Enquirer: 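So that we are looking at the same thing, I have put the structure below in C-alpha coordinates.
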Amino acid sequence: MTEPSSTLEQLVDTYCTAWSDPDPARRREILARVWGEGATYTDPLVHAAGAEELLAHIDSVLTQRPGAIVIRTSRIDGHHGVARFEWRVVEADGNRLPTGIDFIEVDAAGRIARVVGFFGPL
(Lines give C-alpha, C1' and ligand atoms only; values in the text may rest on other atoms or scores of the structure.)
Protein backbone atom coordinates (compact mmCIF):
# COMPACT_ATOMS: atom_id res chain seq x y z
CA MET A 1 0.00 0.00 0.00
CA THR A 2 1.16 3.52 -0.54
CA GLU A 3 -0.21 4.64 2.82
CA PRO A 4 1.90 4.23 5.95
CA SER A 5 0.57 1.38 8.08
CA SER A 6 -0.55 3.86 10.75
CA THR A 7 -2.79 5.55 8.16
CA LEU A 8 -4.29 2.20 7.19
CA GLU A 9 -4.81 1.35 10.86
CA GLN A 10 -6.58 4.67 11.39
CA LEU A 11 -8.80 3.99 8.37
CA VAL A 12 -9.80 0.51 9.58
CA ASP A 13 -10.20 1.50 13.22
CA THR A 14 -12.37 4.48 12.27
CA TYR A 15 -14.47 2.16 10.09
CA CYS A 16 -14.92 -0.23 13.06
CA THR A 17 -15.89 2.72 15.25
CA ALA A 18 -18.64 3.58 12.77
CA TRP A 19 -20.06 0.10 13.36
CA SER A 20 -19.98 0.66 17.12
CA ASP A 21 -21.36 4.14 17.76
CA PRO A 22 -24.96 4.01 19.04
CA ASP A 23 -25.78 7.53 17.84
CA PRO A 24 -26.88 7.59 14.17
CA ALA A 25 -25.68 11.17 13.60
CA ARG A 26 -22.21 10.46 15.01
CA ARG A 27 -22.09 7.16 13.12
CA ARG A 28 -22.79 9.02 9.86
CA GLU A 29 -20.04 11.55 10.61
CA ILE A 30 -17.53 8.84 11.52
CA LEU A 31 -18.26 6.80 8.40
CA ALA A 32 -17.98 9.92 6.21
CA ARG A 33 -14.31 10.24 7.26
CA VAL A 34 -13.36 6.92 5.65
CA TRP A 35 -16.07 5.90 3.16
CA GLY A 36 -15.38 6.68 -0.50
CA GLU A 37 -17.89 7.90 -3.04
CA GLY A 38 -19.84 4.92 -4.38
CA ALA A 39 -18.14 2.44 -2.02
CA THR A 40 -19.80 -0.92 -1.45
CA TYR A 41 -20.12 -3.34 1.46
CA THR A 42 -20.87 -7.04 0.99
CA ASP A 43 -21.19 -9.81 3.58
CA PRO A 44 -23.08 -13.12 3.55
CA LEU A 45 -26.34 -11.37 4.45
CA VAL A 46 -26.31 -8.06 2.57
CA HIS A 47 -24.88 -6.00 -0.26
CA ALA A 48 -24.93 -2.26 0.43
CA ALA A 49 -24.07 0.28 -2.27
CA GLY A 50 -23.12 3.68 -0.90
CA ALA A 51 -23.00 5.16 2.56
CA GLU A 52 -26.77 5.44 3.03
CA GLU A 53 -27.36 1.73 2.46
CA LEU A 54 -24.46 0.78 4.73
CA LEU A 55 -25.67 3.12 7.48
CA ALA A 56 -29.15 1.57 7.26
CA HIS A 57 -27.59 -1.90 7.56
CA ILE A 58 -25.46 -0.88 10.55
CA ASP A 59 -28.56 0.60 12.18
CA SER A 60 -30.43 -2.69 11.78
CA VAL A 61 -27.50 -4.66 13.23
CA LEU A 62 -27.23 -2.34 16.24
CA THR A 63 -31.00 -2.52 16.75
CA GLN A 64 -30.68 -6.31 17.03
CA ARG A 65 -27.61 -6.06 19.30
CA PRO A 66 -27.93 -2.83 21.34
CA GLY A 67 -24.66 -1.74 22.89
CA ALA A 68 -22.56 -4.10 20.76
CA ILE A 69 -19.22 -2.91 19.44
CA VAL A 70 -16.96 -4.10 16.63
CA ILE A 71 -13.27 -4.40 17.46
CA ARG A 72 -10.32 -5.20 15.25
CA THR A 73 -8.63 -8.36 16.57
CA SER A 74 -5.63 -8.66 14.24
CA ARG A 75 -2.98 -6.61 12.63
CA ILE A 76 -3.84 -5.25 9.19
CA ASP A 77 -2.23 -7.02 6.25
CA GLY A 78 -2.19 -4.86 3.15
CA HIS A 79 -0.61 -4.31 -0.24
CA HIS A 80 -1.46 -2.56 -3.53
CA GLY A 81 -4.56 -0.84 -2.20
CA VAL A 82 -6.04 -4.03 -0.71
CA ALA A 83 -6.04 -5.09 2.95
CA ARG A 84 -7.47 -7.68 5.29
CA PHE A 85 -8.11 -7.80 9.01
CA GLU A 86 -10.00 -9.83 11.59
CA TRP A 87 -12.72 -8.37 13.79
CA ARG A 88 -15.32 -9.50 16.26
CA VAL A 89 -18.52 -8.23 17.78
CA VAL A 90 -18.56 -7.81 21.55
CA GLU A 91 -22.10 -7.58 22.89
CA ALA A 92 -23.11 -5.18 25.66
CA ASP A 93 -22.98 -7.98 28.25
CA GLY A 94 -19.38 -8.82 27.24
CA ASN A 95 -20.29 -11.88 25.16
CA ARG A 96 -17.72 -12.17 22.37
CA LEU A 97 -19.05 -13.48 19.05
CA PRO A 98 -16.77 -15.47 16.71
CA THR A 99 -14.25 -13.50 14.68
CA GLY A 100 -14.86 -12.48 11.10
CA ILE A 101 -12.57 -11.21 8.38
CA ASP A 102 -12.94 -8.21 6.11
CA PHE A 103 -11.13 -7.50 2.89
CA ILE A 104 -11.04 -3.85 1.89
CA GLU A 105 -10.03 -1.96 -1.19
CA VAL A 106 -8.73 1.56 -0.70
CA ASP A 107 -9.24 4.21 -3.39
CA ALA A 108 -6.65 6.72 -4.64
CA ALA A 109 -7.83 9.24 -2.03
CA GLY A 110 -7.10 6.77 0.79
CA ARG A 111 -10.77 6.02 1.51
CA ILE A 112 -12.60 2.71 1.53
CA ALA A 113 -13.85 1.75 -1.93
CA ARG A 114 -15.08 -1.76 -1.15
CA VAL A 115 -15.51 -4.09 1.82
CA VAL A 116 -16.12 -7.83 1.50
CA GLY A 117 -16.76 -9.48 4.85
CA PHE A 118 -16.96 -13.06 6.04
CA PHE A 119 -18.35 -14.37 9.33
CA GLY A 120 -16.58 -16.91 11.53
CA PRO A 121 -13.11 -18.38 11.30
CA LEU A 122 -11.68 -19.47 7.97
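These figures come from a predicted structure and were not determined experimentally.
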Enquirer: Hydrophobic clusters join Ile, Leu, Val, Met, Phe, Trp and Tyr when side-chain heavy atoms are under 4.5 Å apart, directly or via other members; which others share one with I30?
Expert: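 Grouped by the 4.5 Å side-chain rule, I30 forms a cluster of one, so the answer is none.
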Enquirer: For E53, give me all partners under salt bridge (Lys or Arg N to Asp or Glu O under 4.0 Å), at least two apart in sequence or on another chain.
Expert: none
Enquirer: Using side chain to side chain donor-acceptor pair (under 3.5 Å) as the criterion, list what pairs up with R75, not counting sequence neighbours.
Expert: none
Enquirer: Measure the acute angle between the ring planes of F119 and W87, then classify it against the limits of 30° and 60° as parallel, tilted or perpendicular.
Expert: perpendicular
Enquirer: Could you work out, with side chain to side chain donor-acceptor pair (under 3.5 Å) as the rule, every residue matching S60, not counting sequence neighbours?
Expert: none
Enquirer: To the closest 0.5 Å, what do you measure between CZ (R84) and CD1 (I76)?
Expert: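 It is 12.0 Å, given to the nearest 0.5 Å.
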Enquirer: Going from CG on L8 to CZ on F85, what distance comes out if it is rounded to the nearest 0.5 angstrom?
Expert: 9.0 Å
Enquirer: Do the charged groups of R72 and D13 touch, with an N to O distance under 4.0 Å?
Expert: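 Counted as a salt bridge, because a side-chain N and a carboxylate O are separated by less than 4.0 Å.
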Enquirer: Does any pair with a residue in residues 58-68 pass salt bridge (Lys or Arg N to Asp or Glu O under 4.0 Å), and if so which ones, sequence neighbours excluded?
Expert: R27-D59, R65-E91
Enquirer: Tabulate below the donor-acceptor pairs under 3.5 Å that side-chain atoms of residues 109-117 make, not counting sequence neighbours, or state none.
Expert:
unit_1: R111; atom_1: NE; unit_2: W35; atom_2: O; d: 3.4
unit_1: R111; atom_1: NH2; unit_2: A32; atom_2: O; d: 2.0
unit_1: R111; atom_1: NH2; unit_2: W35; atom_2: O; d: 3.4
unit_1: R114; atom_1: NH1; unit_2: E105; atom_2: OE2; d: 3.4

Enquirer: Which residues satisfy the salt bridge (Lys or Arg N to Asp or Glu O under 4.0 Å) test with E37, sequence neighbours excluded?
Expert: none
Enquirer: Just how far is it from atom OG1 of T14 to atom CZ of R33, taken to the nearest 0.5 Å?
Expert: 6.0 Å
Enquirer: Got a sec, which residues hit side chain to side chain donor-acceptor pair (under 3.5 Å) with R88, two or more places apart in sequence or on another chain?
Expert: none
Enquirer: Indicate yes or no: at least one non-hydrogen side-chain atom of L122 is less than 4.5 angstrom from one of I101.
Expert: no
Enquirer: Considering residues at least two apart in sequence or located in another chain, which fulfil the salt bridge (Lys or Arg N to Asp or Glu O under 4.0 Å) criterion with R26?
Expert: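 Partners of R26 by the salt bridge (Lys or Arg N to Asp or Glu O under 4.0 Å) criterion, ordered by chain and then number, come out as D21.
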Enquirer: When clusters are formed from ILVMFWY side-chain contacts under 4.5 Å, directly or step by step, what else is grouped with V90?
Expert: I69, I71
Enquirer: Can you name the salt bridge (Lys or Arg N to Asp or Glu O under 4.0 Å) partners of D43, sequence neighbours left out?
Expert: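 Salt bridge (Lys or Arg N to Asp or Glu O under 4.0 Å) list for D43, sorted by chain: empty.
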